[in-house]
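First comes the structure, then the notes that go with it.
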Protein chains: 2
Amino acid sequence: MKTSRIKIVENILNANDQIAEENSRMLKKHHIYSINFMAAPGAGKTSLILKTIQALSNDLRIAVIEGDTAPVTIDADKVQAQGIPAIQINTGGGCHLDAPMIRSGLAQLSLKELDLVIIENVGNLICPASFKLGTNINVVIASVPEGDDKPYKYPNIYRGIDALILNKIDLKPYIEFNESYFIKGIEILNPGVRFFEVSCKTGEGLNAWTDWLKEKIIHFKNE
Amino acid sequence: MKTSRIKIVENILNANDQIAEENSRMLKKHHIYSINFMAAPGAGKTSLILKTIQALSNDLRIAVIEGDTAPVTIDADKVQAQGIPAIQINTGGGCHLDAPMIRSGLAQLSLKELDLVIIENVGNLICPASFKLGTNINVVIASVPEGDDKPYKYPNIYRGIDALILNKIDLKPYIEFNESYFIKGIEILNPGVRFFEVSCKTGEGLNAWTDWLKEKIIHFKNE
């Protein structure tokens, strides 16, 4: 019984990875760069996406795919209010986005008219780690009020990421947050990961993140 | 294919609910009251548990079951430092506790010597909602920095709970948080839910929570 159950799960993951590769090929074919943002609920995924859009939308044509567990369009509405196309994927209570969902989302976008697709995963520090989507980079957004021990408690999500953004640094004066302990936790899991400290509220640190991202995109477009 | 997959999931849930009832009966037999704390990562579950222990441990014999996705004992260590027995359940990357895990945890405790078992679920606003554990009450801990829109975005976890504790109210001066919007979201899902506002940092509001809990436990013990 147990063996057969494990086998089914493996098949599902393999199927997901295959479709993730197809997503990756399709995006590459259209010269579209893509990002998968993962974070706990309330870390500031949508705020960071809005700031990233503001910094890049003069030069790049952007679309956003929003993953939500419930049929509410709070985040997608905020994106569309910036004049950016947003596709909402309602997982129907599901705890993560997977590659087939992204394939469905991409099918609803005019890929010929895009340079960048930003994906906001479901707010969850566990399940999204197991499902590749086919994006160029995976980015985790942490936040100061979540606490400095999160890399130790939720290690899987911090593994294999390309950048870690620590948001809400404006709250540092009011919260005990041991930054060297936090960074050590990230680096054990992920040596050499790019680390950005930002405040989406004050704007502090955002340029370093968007400059790095711009360079990545330019490099990708010239490949 | 799809029908058979759905059926398997239903069977798992039914098996879980049956074991949750067994847990409930076993706890009742030993006159032990029990709480399932659920929250997003970093909302302050462990801090609230420590404060609850401090308020109740003179009158009640308490044990804690800690759910973690990784084999780290950060939270269990903090509980044991208070002289309280703590059992750690490592879900091995799993996103929630389930009733069989609690059964295993209870088997490691001296139930005859306990009045209260506190369970700290895995930090996740989605998956724990689907798995009853057999506790007397289910409590969600939210926190001000998570934002006021969480009940709308993660409705399942807020349904069928007995109390909602909003933690980190000391951060209100520094964060935009529309409290009436937040409470409206909770009440739509869960009319009449008990609502507590606390700061585990300053201690504000904790007495209202622990007084309410004490009354619930006394009532249960006298049943």
Side-chain angles (χ1 to χ4, degrees), chain A residues 1 4-5 8 12 39-47 66-75 78 91-96 122-130 142-158 167-168 170-177 185 189 201, chain B residues 4-5 8 12 39-47 66-75 78 91-96 122-130 142-158 167-168 170-177 181 185 189 201:
Chain A
M1 277 292 279
S4 106
R5 211 173 119 206
I8 290 168
I12 290 169
K45 290 184 297 302
T46 311
S47 299
E66 289 286 346
D68 284 289
T69 62
V72 290
T73 56
I74 296 171
D75 294 340
K78 287 179 187 168
T91 65
C95 51
H96 60 272
V122 175
N124 184 339
L125 277 190
I126 305 167
C127 315
S130 303
S143 73
V144 170
E146 284 170 25
D148 49 32
D149 58 2
K150 293 301 159 292
Y152 303 90
K153 288 180 165 178
Y154 303 87
N156 289 347
I157 201 101
Y158 292 98
N167 189 22
K168 306 195 190 184
D170 54 287
L171 294 175
K172 273 188 188 174
Y174 318 112
I175 293 170
E176 269 181 57
F177 187 90
L189 296 163
K201 192 176 173 187
Chain B
S4 108
R5 211 174 119 206
I8 291 167
I12 291 169
K45 291 185 295 304
T46 311
S47 299
E66 289 286 346
D68 283 290
T69 60
V72 290
T73 55
I74 296 170
D75 295 339
K78 288 180 187 167
T91 65
C95 51
H96 61 273
V122 175
N124 184 339
L125 278 190
I126 304 166
C127 316
S130 303
S143 74
V144 170
E146 283 170 26
D148 49 31
D149 57 0
K150 291 301 160 289
Y152 302 91
K153 288 180 166 179
Y154 303 87
N156 289 346
I157 201 101
Y158 291 99
N167 189 22
K168 307 194 188 183
D170 54 287
L171 293 175
K172 273 189 189 174
Y174 318 112
I175 292 170
E176 270 181 53
F177 187 90
Y181 176 65
L189 297 163
K201 190 174 174 190

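Below, read A as the first sequence line, B as the second, and so on, with proteins coming before strands; counting in each chain starts at 1.
- By number of non-hydrogen pairs under 4.5 angstrom with chain B, the leading residue of A:G93, A:G123, A:G44 is A:G123.
- Ranking A:N156, A:D68, A:L171 against chain B, the residue ahead of the rest is A:L171, based on heavy-atom pairs under 4.5 Å.
- Applying the side chain to side chain contact (heavy atoms under 4.5 Å, CB included) rule to A:K153 yields the partners A:D149, A:K150, B:T46, B:V72, B:I74, B:D75; only residues at least two apart in sequence or on another chain are considered.
- When B:P155, B:P41, B:A40 are compared by the number of non-hydrogen pairs under 4.5 Å with chain A, B:P41 comes out ahead.
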- List the steps, then state whether side chain to side chain contact (heavy atoms under 4.5 Å, CB included) holds for A:N124 with B:L125. CA-CA 7 Å; A:N124 184 339; B:L125 278 190; over 6 Å; no
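- Heavy atoms closer than 4.5 Å to chain B are found in both the backbone and the side chain of A:C95.
- By the 4.5 Å heavy-atom criterion applied to side chains, A:C127 and B:C127 are counted as neighbours.
- A search for side chain to side chain contact (heavy atoms under 4.5 Å, CB included) contacts involving A:T91 returns A:T69, A:L97, A:M101, A:V122, not counting sequence neighbours.
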